[in-house]
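Below you'll find the structure, written out as C-alpha cells, and then a few comments.
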Amino acid sequence: MATLQGRTGEWEMVIGLEVHAQIVSNAKLFSGASTAFGAEPNSQVSLVDAAMPGMLPVINGYCVEQAVRTGLGLKAEINLVSVFDRKNYFYPDLPQGYQISQYSRPIVGKGKLLIDLPDGAVKEIGITRLHMEQDAGKSLHDQHPTKSYVDLNRSGVALMEIVSEPDLRGPEEATAYVTKLRSILRYLGTCDGNMDQGSLRCDVNLSVRRPGEPFGTRCEIKNVNSIRFIRQAIEYEARRQIEILEDGGTIDQETRLFDASRGETRSMRSKEEAHDYRYFPDPDLLPLELDQSWVDEIKATLPELPDEKKRRFVEDYGVPVYDAGVLVADRETADFFEVVARGRDGRLASNWVIGDLFGLLNKSGLAITESPITAEKLGGLLDLIADNTISGRIAKEVFEAMWETGKSAGDIVEEKGLRQITDTGAIETAIDEVLARESAKVEEYRSGKDKLFGFFVGQVMKATGGKANPKLVNEVLRKKLG
Amino acid sequence: MSMDKATVARIATLARIKVPEEELEHLAGELGQILGWVEQLGEVDTADVEPMTGVGGVSLPWRKDEVTDGGYPERILSNAPGAEAGFFTVAKVVE
C-alpha cells in the first residue's frame, strides 16, 4: 500500500477520478453541426448549439451507440432506460444556461477496469457510472486586455463522463487508470484520447486518511489535462491536505484548480456559490430507451480489448507478461507485433519490436504507423535469422540498413554480401589461417590457457567479416584445437 | 408550502434575476401559493405507477450522424452585443 509519511505518522490517499471523454462522431450530440477540431471560430455552430429561442435538441443515434459500446468495453451494466437532465449554471461559454446531462438515470451503470501496477500486480478499479452530456464552448482569456473571447464550436459536442469509485490509492494508480482507460477508449474507437486537444480531460477527487480509518473530506481538482499533471496535482494536493491536518486544521470540501505553470492547486471560490445545479429532467427530451437486442448487436462487434489481447499474446506467442502489456497498450503496436509474430518465434518478435524498433522510433519521434520498416519486412528479417541466412549480430546491421533505405532484409543481405558462411570448408580455411598466424597463442591455449578460445573465435569472425556462422566456428575450432 | 425571503433571494441570485429587497416578501407569498397549489398532486397515491412522460406513445426520435448544419458564423454572431475576429466577446471572466 502506498502511504505518505507526515510529521505525525503515515497517511493514505483516497482518489476517485472523473474523466470527460469526447465521443468520436461526425456531428454533435443534439445538432447537425460538425465536431472537427481546429476550425475557424463559431463556424461549426448550429442555432441549437447557440441556444437560439425555439430550437429543439434531437439526439444523434451514433453517439448513443458509442456510449453503449464504451459501457460494454468497461464490462458495465447498460441501462435500457436513461434520462437527460438539465444542469443549470451560468457561464459565458454555455449559451443555454444549462448543460444537458444525465443525473439520476445514466445510460451506463457499474463496471470495472483492471490496472497494471509497476510491480506486475493487477488491481480492479470500480467504475461507478458513465453518462452522456454536452460539452461547453471554449473561452480564451489571453486575447484582449479586458475581454474574454468565446468560441462555440465545441458547444454541444458529445461527452462521456466516466466516474470511478474511490479505489485509487496514489499517483501511480491514478495515472495507470487514466492510461488504461484511454487505451480501451482508443481500441473501441469511441474517443481519440487526445489530451493535448482536450478530447480527454480529468477531474481528481482526493482526500487523505490514516490507514484503516474512514474517508476524510475530499477536494475536487479541476483542469488536470495530462498524465504528468495528474501526478503533480495529486502529489501537491495530498501534501497540502496532510499539512493542514497535522497542524490541527480541517479540510474544507471545495473545488480547486490545478495551475500547471506553478504545479500547485488553488481554491476556486467562485464555483462554490454556483454549486446549486437544480437538476431536473429536460422537458425537450423523452427518456432514452434501448432494445436489449440492439445492445447485443453492438456487443457482438466489440474488438478484442487490451486485457484479452495481452492474455492471448502470453499464451499463444510466449511473450513475457510485462512485454505483452507494452505491446497491447496501443492497438497499432499490437497489430504490428502480430504481423511480425505470426508463424514465427513470438518472443524474438517481441524483442525486436520493443527493443530495436521502439528504440529507433523514439529516437526519430515517429509513431509505429510511420515506421520505415513495415511489419512484413521485419518479419522477413526474422525469417533470415531463423533459417540461418544471417546471424543475430549481422541482423542488427541489416536492421539499421532497412531503417535507412526501406529495403527488404533479403535485398540488403544480397547487396552487401552479408549472407552467413555455413560452408564448413570455407570456415575451416579461415580457421587454419588464423591458427597458423597465431601459433604462439595456440601453444598457450594447449598448455592450459582456456580463455584464449574466445580470442580465436573473435579472430575468425573478423577474418570472415562477421559472416561466419558462430555455431559452426565454435564446433570446427574446438575440433582443430582439440 | 411556505417560502421565506432568504430562499426567494437565493433563487433570484441563481437565476440572475435582480429582485429589490421590498419585493421579496410579496414574491415569497406568491411563490408559496404556487407551490402549495402544485403540492395538491401529492394527495394522489402514485406508489405503483410508472412515471408518465407522454400520452401519445411517442419515443425519442434519433438523428443520423451526419453534418447537416453550421457554417454560418456571421448569423451566429449577428445578435451578439460584442464580437471580434469571429469570437463573441464578454467581460473578462478568469479564475
Side-chain angles (χ1 to χ4, degrees), chain A residues 25-28 30-36 40-50 52 58-65 83 88-92 95 97 137 139-141 143-153 223 257 266 268 270-271 273-274 276 278 281 285-289, chain B residues 3-4 6-19 31 34-35 38-39 41 46 49-95:
Chain A
S25 65
N26 297 316
K28 294 182 181 179
F30 294 114
S31 87
S34 170
T35 61
E40 288 296 306
N42 292 305
S43 65
Q44 293 174 173
V45 183
S46 78
L47 300 179
V48 179
D49 309 320
M52 294 295 173
V58 182
I59 198 161
N60 179 338
Y62 183 67
C63 293
V64 178
E65 186 184 328
V83 172
N88 298 278
Y89 66 94
F90 284 100
Y91 205 73
S139 305
L140 289 86
H141 304 296
Q143 305 290 309
H144 191 282
T146 58
K147 293 173 185 170
S148 289
Y149 282 17
V150 180
D151 173 12
L152 297 182
N153 281 349
N223 196 31
L257 183 83
R266 58 185 150 88
M268 285 172 83
S270 58
K271 273 265 175 189
E273 57 174 301
D276 186 345
R278 292 151 294 141
L285 291 159
L286 287 160
L288 176 58
E289 294 177 310
Chain B
M3 193 77 152
D4 58 26
T7 308
V8 177
R10 175 167 168 75
I11 296 168
T13 307
L14 287 169
R16 302 295 189 275
I17 297 172
K18 194 173 185 178
V19 177
L31 287 170
I34 293 169
L35 287 173
V38 175
E39 260 179 5
L41 289 171
T46 56
V49 183
E50 279 287 299
M52 188 179 75
T53 51
V55 290
V58 186
S59 60
L60 183 69
W62 284 24
R63 194 166 41 79
K64 280 190 180 161
D65 184 32
E66 288 166 356
V67 176
T68 55
D69 209 344
Y72 40 75
E74 64 295 332
R75 283 179 71 197
I76 294 299
L77 293 169
S78 61
N79 295 313
E84 265 169 48
F87 294 93
F88 290 91
T89 58
V90 298
K92 198 155 217 156
V93 274
V94 69
E95 287 290 343

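Only this structure's heavy atoms are used, side chains among them; waters, hydrogens and symmetry mates stay out. To find a chain, count down the sequence lines: A is the first, B the second, and so on, and within it residues start at 1.
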Sorted by chain and residue number, the salt bridge (Lys or Arg N to Asp or Glu O under 4.0 Å) partners of B/E66 (sequence neighbours excluded) come out as none
Applying a strict 4.5 Å limit to non-hydrogen atoms, the region of A/P287 in contact with chain B is both
Most heavy-atom pairs under 4.5 Å with chain A, out of B/A15, B/P73, B/G70, B/G82, belong to B/P73
Residue from A/L285, A/L47, A/D151, A/T35 scoring the most non-hydrogen pairs under 4.5 Å with chain B is A/L47
Applying a strict 4.5 Å limit to non-hydrogen atoms, the region of A/V64 in contact with chain B is side chain
Ranking B/I76, B/L77, B/N79 by heavy-atom pairs under 4.5 Å to chain A gives rank one to B/I76
* So do the side chains of B/W62 and A/L288 get within less than 4.5 Å of each other, counting heavy atoms only? -> yes
So, the part of B/E84 with a heavy atom under 4.5 Å from chain A: the answer is both
Output for pair (A/I59 CD1, A/F30 CZ), nearest 0.5 Å, gives 4.5 Å
Given A/V48, A/N153, A/D49, A/V45, the one with more heavy-atom pairs under 4.5 angstrom with chain B than any other is A/V45
(Q) A side-chain contact here means heavy atoms from C-beta on lying under 4.5 Å apart; do A/P41 and A/Y149 qualify? (A) no
Under 4.5 Å to a heavy atom of chain B? For A/S31 that would be backbone
The ring-ring contact (aromatic ring centres under 6.0 Å, His included) partners of B/F88 (sequence neighbours excluded) come to none
Okay, A/S34 and chain B: the region with an atom under 4.5 Å from a heavy atom over there is both
Okay, A/P281 and chain B: the region with an atom under 4.5 Å from a heavy atom over there is neither
Quiz item: Is there a side-chain contact between B/T89 and A/H144, using heavy atoms and a 4.5 Å cut-off?
Solution: no
Query - Check: A/D276 main-chain N/O paired with A/R278 side-chain donor or acceptor under 3.5 Å - result: yes
